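The structure appears right after this line, and notes come after that.
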Amino acid sequence: MNRIWVFCEQRDNVLQPVALELMGAARSLAAQSEGTVGALLLGSGVSPLAQELIACGADTVYVVDDEKLAHYTTEAYAQAICQMVREENPASLLFGATSIGRDLAPRISARLRTGLTADCTKLEIDEQGSLFMTRPAFGGNLFATIICPNSRPQMSTVRPGVMPKPVRDDSRQGEIVPVTVAWQTEKLCVRVVEETKESQSVENIEEAKLLVSCGRGVKNTEPAFELAKKMKGTVSSSRALVDAGIMEQPRQVGQTGKTVRPQAYLAFGISGAIQHLAGMEESEYIVAINTDKNAPIFKIANLGIVADAAAVMKELNKLLEEA
Ligand SMILES: Cc1cc2nc3c(=O)[nH]c(=O)nc-3n(C[C@H](O)[C@H](O)[C@H](O)COP(=O)(O)OP(=O)(O)OC[C@H]3O[C@@H](n4cnc5c(N)ncnc54)[C@H](O)[C@@H]3O)c2cc1C
């Protein structure tokens, strides 16, 4: 049986967007390989989330609802997941490439003595259930497709924001399986004493429907903020402006920044380096403004404007003001 499992990350008992994105990906992989989708839901007081996972594509939700999992700790989560995998032998196991997923997945793959492909941007499958896991390599200049032919489960972490979220179907039926873990308590050496949340200093560009994105061709970013405010969007950036200390890192789009897929992406003075495109090419509608008509960004833009970024921002701000 080709079981495709997804670790469904929750924080404060709210499913993270990447968990739902992976449910959609797993559903489509299962459809191509006559497989089933299993969701791993771990935490304390998380059981009510199981139905949402079924609506988003899970056939079976394995729930470990235990106080020991109230706060994320590597050992407790690894013990629970390794036990489930050893009992059920899934063919594939997917994680979001979040800080938790990046911490947990390698620990589990080492314990299970199987392979892990980190930071994937694409997943494909053949009829036998073999995964083809694609990730950027050599500084993003090429993409490597990696297979795991000799061990199971095939494991992968997938970048948040790369895969679309599935359409929720509340009429879907699925099974909810409560799991009890045989804890090796002597190994649970870490106790969370206090949790301090970092206050979010900039808006989350991954959630934005419209991004006004600035590159090195933007000399003054103030009009970009004005424009984003008028269009109810958010300002993002290429790495060039982050490296120059002009923009904050959480605004960076691209391979070493965030992956975004807004309804509209306005790229001002961005050349379109492959590492930048990796983070935004799935945007629904791309407008590129660049003085160089040969800039690579124009190859993926729906609308290209060969013009000075500052002049276009000024004109748009003026038009919106009048409107
Ligand atoms: C391992 C690695 C990871 C990386 N990760 C990222 C990443 O996550 N995100 C990222 O963005 N980059 C990343 N980079 C860097 C990337 O290769 C590029 O250097 C970077 O994206 C360039 O940013 P830019 O387009 O703003 O600047 P440039 O490439 O310098 O382009 C500036 C553009 O502005 C245009 N321009 C100039 N003046 C004007 C004007 N007045 N009006 C309009 N247009 C104008 C120019 O024609 C040019 O096309 C990475 C690189 C490496 C090696």
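Since we're looking at a predicted model, the values are computed, not measured. Each ligand, and each atom within it, is numbered from 1 in the order the structure gives.
- Less than 4.0 angstrom separates some heavy atom of Gly215 from each of these atoms of ligand 1: 26 (O).
- By the 4.0 Å N-to-carboxylate-O rule, Arg111 lies close enough to Glu75 to be salt-bridged with it.
- Short contacts between ligand 1 and Asp308, defined as distances under 4.0 Å to a heavy atom of the residue, involve ligand atoms 40 (C), 41 (N), 42 (N).
- With values rounded to the nearest 0.5 angstrom, Gln154 atom CD is found 9.5 Å from Leu94 atom CG.
- Of all atoms in ligand 1, numbered sequentially from 1 with element shown, those under 4.0 Å from a heavy atom of Ala307 are 42 (N), 43 (C).
- For atom 20 (C) of ligand 1, the nearest protein heavy atom (residue, atom name, distance) is Ala273 CB, 4.2 Å.
- Residue-to-ligand polar distances keep Lys219 apart from ligand 1: every N/O pair is separated by 3.5 Å or more.
- For ligand 1, the atoms lying closer than 4.0 Å to a non-hydrogen atom of Ala309 are 40 (C), 42 (N), 43 (C).
- Close contacts between ligand 1 and Gly257 involve ligand atoms 8 (O) [criterion: under 4.0 Å to a heavy atom].
- Contacts with ligand 1 closer than 4.0 Å are made by backbone heavy atoms (N, CA, C, O) of Val253 only, the side chain lying farther away.
- For Ser237, no nitrogen or oxygen atom sits less than 3.5 Å from a nitrogen or oxygen atom of ligand 1, counting backbone and side chain alike.
- With respect to Asp12 and Lys197, a salt bridge is recorded, a charged nitrogen being found less than 4.0 Å from a carboxylate O.
- Ligand-side atoms of ligand 1 in range of Gly254: 7 (C), 8 (O), 9 (N), range being under 4.0 angstrom from any heavy atom.
- For ligand 1, the atoms lying closer than 4.0 Å to a non-hydrogen atom of Gln252 are 6 (C), 7 (C), 8 (O), 9 (N).
- In terms of protein heavy-atom proximity, atom 53 (C) of ligand 1 is closest to Gln275 NE2, 3.9 Å.
- Protein non-hydrogen atoms do reach within 4.0 Å of atom 11 (O) of ligand 1.
- Taking both residues in full, the closest heavy atoms of Val162 and Thr259 are given as CG2-CG2, 3.7 Å, listed atom of the first, atom of the second, then distance.
- Counting non-hydrogen atoms of other residues, nucleotides and ligands closer than 6.0 Å to CD of Gln184 gives a total above 12.
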Derivation and outcome, side-chain contact (heavy atoms from CB on, under 4.5 Å), residues Glu226 and Leu320
CA-CA 10 Å; Glu226 198 183 325; Leu320 288 164; over 6 Å; no
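- Counting heavy atoms under 4.0 Å from ligand 1, residue Ala310 does not touch it at all.
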Check the pair Leu227 / Phe268 against side-chain contact (heavy atoms from CB on, under 4.5 Å), numbers first and verdict last.
CA-CA 12 Å; Leu227 186 59; Phe268 287 94; 3.9 Å; yes
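- Taking a cut-off of under 4.0 Å to the non-hydrogen atoms of Thr256, the atoms of ligand 1 that pass are 3 (C), 4 (C), 5 (N), 6 (C), 7 (C), 8 (O).
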